[in-house]
Amino acid sequence: MFPNPLSYSADIVGWPATIITTVILFLALLYNRGTKRFDYFKKKGVPYVEGAIPFVGNMLDFFAKGFTMDVDRIKKYGRVYGEMQSTVPVWVFGDPNLVRDIGIKEFSNFVNHRRNFVIVNKEFSKALTMVEDAEWKGIRNVMTPTFSSAKMKKIVPLIQACAAEFVEQFECYVKDKKEFEVKAICGYYTMDVIARTQFSIEVNSSKEGDRNELIKNARRLFDSISLKKPAFWVGILFPFANGLMEKLDMGMMDNESMKFFSSYVDHLFQLRTKEKGKQMDFLELLINAHDDELDDASKDSRISAVDDTTETIEAVKDWRVGKRALSKLEILSNAMLFFLAGFETTSGSMCWIFHELAHNPEAQEKLYEEIEETYEKYGSLTYDAVASMKYLDQVFCETTRLYPAAQRTDRRCNKACKIGDYTIEKDDIVNVAIYAIQRDPEYWSEPDEFRPERFAKENADSIVPYSYLAFGIGPRNCVGQRLAALEIKIGVAAVLRQFRFVPSENSERHPEFKKQGACTPVKGIFLRAERRI
Ligand code: HEM
C-alpha cells in the first residue's frame, strides 16, 4: 500500500496552517489575558488612565513620572480615578473624605494591604506590613505597647545619647568647612536609635559610618527594592507563580542582605531568650509573646494597649485583640521590619527637615530661638521639653507634608461596599494618593511652599481632616509614628543648637525624587554647616 501523494501534499500544506492558527490562538488568548480587565473602570463610569499596554497596564508611568505622578493625574482625571497596575485594576483616591471612609469608617472592609503585589523573601513574610486579619491584629497588638507615652519617656535618655554622637558627626565637616550629604548622616543616627531603644544594643553606626555592617546591608536592601526587579514583574504578571518564586527564595529584596538581617536578629533572639527579663524593650515584648510563654501581665498589657490606640476611633471600638502567641518566624520578621522601617523613613524625613531649614533661614532662626528657650527652661531635651516645642512640631509636620516617606498606601477590599458614590467590589485594590493629597491646592494654599505655620494651633481649623496623611490612616497607620517624631525632634534640636545649616555648591532647591514609591532625592541632599557659638 502506497501513500496517496495528494493527501501527503495536503498534510504538508496543513502543518504550517495549523501552526499559524495555534500561534494566533495563543496570542489572542494571551492578549485577552493581558487586557481582560482593561474596561473595568469604563464599565463603572469612573475616569481612568488611558493608554494601558497589555500585561503592563499603566505601570510605565511609574518609571517615567515616579513619585509625583498623581499630582498631574488628579488634575486630569479628578480625585477618584482608575489605573491598570499590569492586569489589575486599581482605584486611586485623592479625596480626604473618601480616604477617611476607607481607612476608618469602613475599616473592617479594608483591613489588609494588597496581597501578592510583590514577592517577599521568606524571612520577611510575617512582618506586620505583610500579614492579614487575625494574624495582623495579634502582632500589631503585641507591638503597640512599645510605643506608649510611658515607654517613649523612658527611652529619651537613650535617644539623647545617640543625638550627642549625631552632633559629633558634623564637627569635622564644620572644622574643614566641607559640604556633606546629610541623608547618610541621618541614617547612622536613626540606626543607632532603633538598635539602642528597641533592641538594647550599641551598633556604633554613627562612629563607623558606611563601614558598619547594619548600615551597609540596610542600604543594599532598600536599593534592591526596585520596579526594575524581575521578581516585581513576575509577582504582577503571574501571581500564581508567587509560591514557586518564594520557594526558590527569589524575593524582591537583596537575598544576601536579607540573610544578614535574618541571622543578626536570630542571634539577638537567642541571646535574649537566655537572658529574659533583663531589658524591657521591643525585642523583650516579642519574646514574651513567643509560643506558650505568655504570662498574665503581658496579656493585660496587650489589651490595654489596644484600647489606648483605638479609643478615639468610633468605628473600630470592637476591633479587639486576638490573644495569641507569636511564632519564631513572626518574631524574626518583625524584628527585621523594625530595623528597616526605623532606618530609612526616619532618616529620609530628617534630611528633608535640614534641607528646608537651610533654604528657609528665617524658619531656622525661629526654631533655634525656640530650642534655646526650651533648653533654658528644661535644662535638656526631656520628653516634656520636646512636647513643649510647638514650632518644632510645625516644622516636623510641614516637612512630612511636603516630603511624605510614601507616595501612596494601599488597602484591599474584603467585602463589597460603597465609598462615596463608588461601589468597591470584593478584592478590589484601592490606593491612597498620599503625596498628591498633601500637595493639592484645594487643601493646601500654595502647596509647594514650606510654611510651618500652617500647623500652628490658631490655623488648626483651616486644615481639612485627612489631608495630612504622612503616617497613613486609621488602625493600620504607622505604628512607629511616636518614636519617629520623638527621635527626629531630639536629633534636629540637638544639632541645630550647635550649628546653622546653609546651602552648599551641590545643593539643589528642588531636588529630583528617585522614580520609586519612596521620597528619596536622586543625588542626595548636600549642605554645609556653620558653628553657632
Ligand atoms: C518619619 C518616619 C516614618 C514615616 C513617614 C512612616 C510612614 C508610614 C506609613 C505611610 C505607613 C503605612 C500606613 C498606612 O497604610 O496607613 C507606615 C506603616 C508602618 N510603619 Fe512607619 N513610618 C515612619 C517611621 C516608622 C518607624 C520608626 C517604625 C518602627 C520602628 C515604623 C513602623 C511601621 C510599621 C510596622 C508599619 C505597618 C503598620 C501595620 O501594617 O499595621 N515606621 N509607616
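Atoms within each ligand, like the ligands themselves, are counted from 1 in listed order.
- Shortest contact from atom 28 (C) of ligand 1 to any protein heavy atom: G480 CA, 3.7 Å.
- Note: F499 and F180 fail the aromatic proximity criterion, with ring centroids not under 6.0 Å apart.
- In the vicinity of H113, heavy-atom distances shorter than 4.0 Å reach the ligand 1 atoms 15 (O).
- The residue among S349, A127, A485, S347 with a heavy atom at the shortest distance from atom 1 (C) of ligand 1 is S349.
- Ion pair D440/R79 flagged as a salt bridge, since at least one NZ, NE, NH1 or NH2 atom sits closer than 4.0 Å to an Asp/Glu carboxylate oxygen.
- For L337, every heavy-atom contact with ligand 1 shorter than 4.0 Å involves the side chain, none the backbone.
- With hydrogens left out, the protein atom closest to atom 3 (C) of ligand 1 is F471 CE2, 3.4 Å, a heavy atom.
- Distances from ligand 1 to the non-hydrogen atoms of N334 include no value under 4.0 Å.
- Residues R408 and V92 are in side-chain contact: their nearest non-hydrogen atoms beyond the backbone lie under 4.5 Å apart.
- One finds no salt bridge joining K137 and E132 here, because no Lys/Arg side-chain nitrogen approaches an Asp/Glu carboxylate oxygen to under 4.0 Å.
- The proximity of T409 to ligand 1, defined as any non-hydrogen pair under 4.0 Å, is limited to the side chain.
- In terms of polar-atom proximity, I473 is counted as a contact of ligand 1, with an N or O under 3.5 Å from an N or O of the ligand.
- Ligand 1 places these atoms under 4.0 Å from at least one heavy atom of A470: 5 (C), 7 (C), 10 (C).
- Nearest protein neighbour of atom 23 (C) of ligand 1, counting heavy atoms only, is T345 OG1, 3.4 Å.
- Applying the 4.0 Å criterion to heavy atoms of G472 picks out, from ligand 1, the atoms 10 (C), 13 (C), 14 (C), 16 (O).
- Each of the atoms 5 (C) of ligand 1 lies under 4.0 Å from some heavy atom of A405.
- Between F67 and Y403, the gap from one ring centroid to the other reaches at least 6.0 Å.
- Compare R140, M130, E132 by their heavy atoms: the one nearest to atom 41 (O) of ligand 1 is in R140.
- The existence of a salt bridge linking K523 and E508 is confirmed by a sub-4.0 Å separation between a basic side-chain nitrogen and an acidic carboxylate oxygen.
- For ligand 1 and V479, the ligand atoms under 4.0 Å from any heavy atom of the residue are 34 (C), 35 (C).
- Which of A341, A406, G103 comes nearest to atom 32 (C) of ligand 1 through a heavy atom is settled by distance: it is A341.
- The atoms of ligand 1 that sit less than 4.0 Å from any heavy atom of I194 are 30 (C).
- Relative orientation of the H355 and W352 rings is perpendicular, given thresholds of 30° and 60° on the angle between their planes.
- A salt bridge does not link E442 with R439: every distance from a Lys NZ or Arg NE/NH1/NH2 to an Asp or Glu carboxylate oxygen is 4.0 Å or more.
- Annotation: F199 is not in aromatic contact with F338 [ring centroid separation under 6.0 Å not met].
- Every heavy atom of M143 sits 4.0 Å or more from the atoms of ligand 1.
- Using a 4.0 Å heavy-atom cutoff, T400 is absent from the residues neighbouring ligand 1.
- By the 4.0 Å N-to-carboxylate-O rule, E135 lies too far from R140 to be salt-bridged with it.
- Checked for salt-bridge contact, E370 and K390 miss the test: no charged N lies under 4.0 Å from a carboxylate O.
- Nearest to atom 8 (C) of ligand 1 among the protein's heavy atoms is C478 CB, 3.6 Å.
- Ion pair E165/R196 flagged as a salt bridge, since at least one NZ, NE, NH1 or NH2 atom sits closer than 4.0 Å to an Asp/Glu carboxylate oxygen.
- At least one N/O-N/O distance between W136 and ligand 1 falls below 3.5 Å.
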Practice task
Might you work through the ring-ring contact (aromatic ring centres under 6.0 Å, His included) test for Y468 and Y443, ending with a clear yes or no?
Solution key: CA-CA 9 Å; Y468 172 74; Y443 313 118; over 10 Å; no

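- Atom 37 (C) of ligand 1 has its closest protein heavy atom at T129 CG2, 3.5 Å.
- Annotation: R411 places an N or O atom under 3.5 Å from an N or O atom of ligand 1; distance criterion only.
- Looking only at heavy atoms of the protein, atom 40 (O) of ligand 1 is closest to R476 NE, 2.9 Å.
- Ring centroid separation for the pair F450 and W444 does not come in under the 6.0 Å cut-off.
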